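Heads up, the thing below is written out as structure tokens.
Keep in mind it's a predicted model, so treat the numbers as computed, not measured.
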Amino acid sequence: MSKCIGCGILKQNKDQNKPGYVIKPENEYCLRCFKIKNYNELINQEINAEQFILKLKTLIQNDKPKDIEFFYIIDIFDLEGSRVKEIEEAIKRYPVTIVVNKIDLLPKAVKLAKIRRYITDLFAKSVIYDANIILNTSFKNNFTNSLLNKIKKTKTKKYFIGSSNVGKSSIINSLLRANNLIPQIVESKYFNTTLDFIQIKLSSDDIIFDTPGIARSNSAANLLDKEDWKYIYFNKEVAQNTFQLKPFNSIFYAGIVWVDFEWESDEINSFHFFNNKEIKLHRTNTKNAFDYYTRNKENIVPYNLDNNFVKREFIFNEKEINKEFEISISGLGWFNFKVKNPMKLTINIPASNVEVETTLRKPLV
């Protein structure tokens, strides 16, 4: 049988619970892609990340460095969570272009030059420190055309790689439209939509490959039921909220996680939050936070029912006073602030077996 044109997996009609199942051999889309495309309904069929890396390395070994090029896609809304260090290590000997996707999610006041400098600094100590950097959004033709021109400059095989849900398939579909071709790759709010390597001809000379996304095991999305992933994956500009917080205040991200803000003085501090507009932020006193969570978690959308907690502490002392910082929570966004007095910030994550990445960094916005 041929491959599904949506996810690239080899079609089969033997087992409905395995990838590639079709009711009829002539179906263009496998059942999984058909349900995602037409009903936005996901059939669970997991990808083994280790097998993907192994397959990628095998493909690399069969090509000379001059004949292959990688377009490494990362998500501006989740920079740390969307990076895959194993991928970076595997492709370090080859030409790499870092495509910073979804820049339309950032506030319009953020200059492109600032984003570029930030990404350059972010990768300065990585194994792909000398990669090219392209800023991108699939919703504006000038960005798509810029990427298309970059692709057409060389006649190499070009692999689009990255973690799940960074927008690889959306980028490739926008490239197809820009080249007057019909988009076919399935796009979805779900992780792991593409299951195999899909070869796509943009023209007789330009061949690109869409590849499976490595599962984001460190995202807050993994705290939620799949129907609530829409709160993590979205395509509108982030909301900006500023809170003037007193000592021992807490901020809830709906019913997912909350942050405690503690310091000894009576000083009020400003914290600027950047997150999906659909995730409502709520302020309460820290002493009431756990009680608020247990009483209200099932009435807050979205919420996480896990009764075990992981705490991440960030402590700022005298030497950090007047410095600016930002803390990102993978899948939920970030908040930034200037340290005015010694303080401790604690992120409370209701999770027993899910790792949610939290990162202290210099401010992006």
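The existence of a salt bridge linking Glu88 and Lys125 is excluded, since no basic side-chain nitrogen approaches an acidic carboxylate oxygen closer than 4.0 Å. Salt bridge absent: Lys362 and Glu324 never bring a charged side-chain N and a carboxylate O closer than 4.0 Å. The pair Arg117-Asp121 does not count as a salt bridge, with every side-chain nitrogen at least 4.0 angstrom from each carboxylate oxygen.
Aromatic ring orientation, Phe337 versus Phe325: tilted (interplanar angle from 30° to 60°).
Inspection of the Asn275 and Lys280 side chains reveals no N or O donor paired with an N or O acceptor under 3.5 Å. With hydrogens and angles left out, the side-chain atoms of Ser328 and Glu80 include a donor and acceptor closer than 3.5 Å. Defined by atom type and a distance below 3.5 Å, a donor-acceptor pair is missing between the side-chain atoms of Thr346 and Lys344. Defined by atom type and a distance below 3.5 Å, a donor-acceptor pair is missing between the side-chain atoms of Ser82 and Ser163. For the 3.5 Å distance criterion, the side chains of Asp75 and Asn165 fail to qualify, holding no donor opposite an acceptor.
Screening Tyr72, Phe209, Tyr94 for a ring pair (Phe, Tyr, Trp, His ring centres under 6.0 Å) involving Tyr159 leaves a single residue, Phe209.
Remark: Arg283 is not positioned above the aromatic ring of Trp258, lacking an NZ or CZ atom under 6.0 angstrom from the ring centre and at most 45 degrees off the axis.
In summary, the aromatic rings of Phe261 and Phe248 are positioned with their centroids too far apart to meet the 6.0 Å limit.
Pro107 has its side chain within reach of Glu237: a pair of non-hydrogen atoms, C-beta onward, lies under 4.5 Å apart.
Hydrophobic clustering (ILVMFWY, side-chain heavy atoms < 4.5 Å, transitive): Ile98 and Val110 are in one cluster. Follow the hydrophobic side-chain contacts under 4.5 Å out from Phe314 and you reach Val356 in the same cluster.
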Derivation and outcome, side-chain contact (heavy atoms from CB on, under 4.5 Å), residues Lys158 and Thr156: CA-CA 6 Å; Lys158 298 171 177 68; Thr156 56; 3.2 Å; yes

Intermediate values then yes/no, ring pair (Phe, Tyr, Trp, His ring centres under 6.0 Å), Tyr129 and Phe123: CA-CA 5 Å; Tyr129 62 90; Phe123 281 90; over 10 Å; no

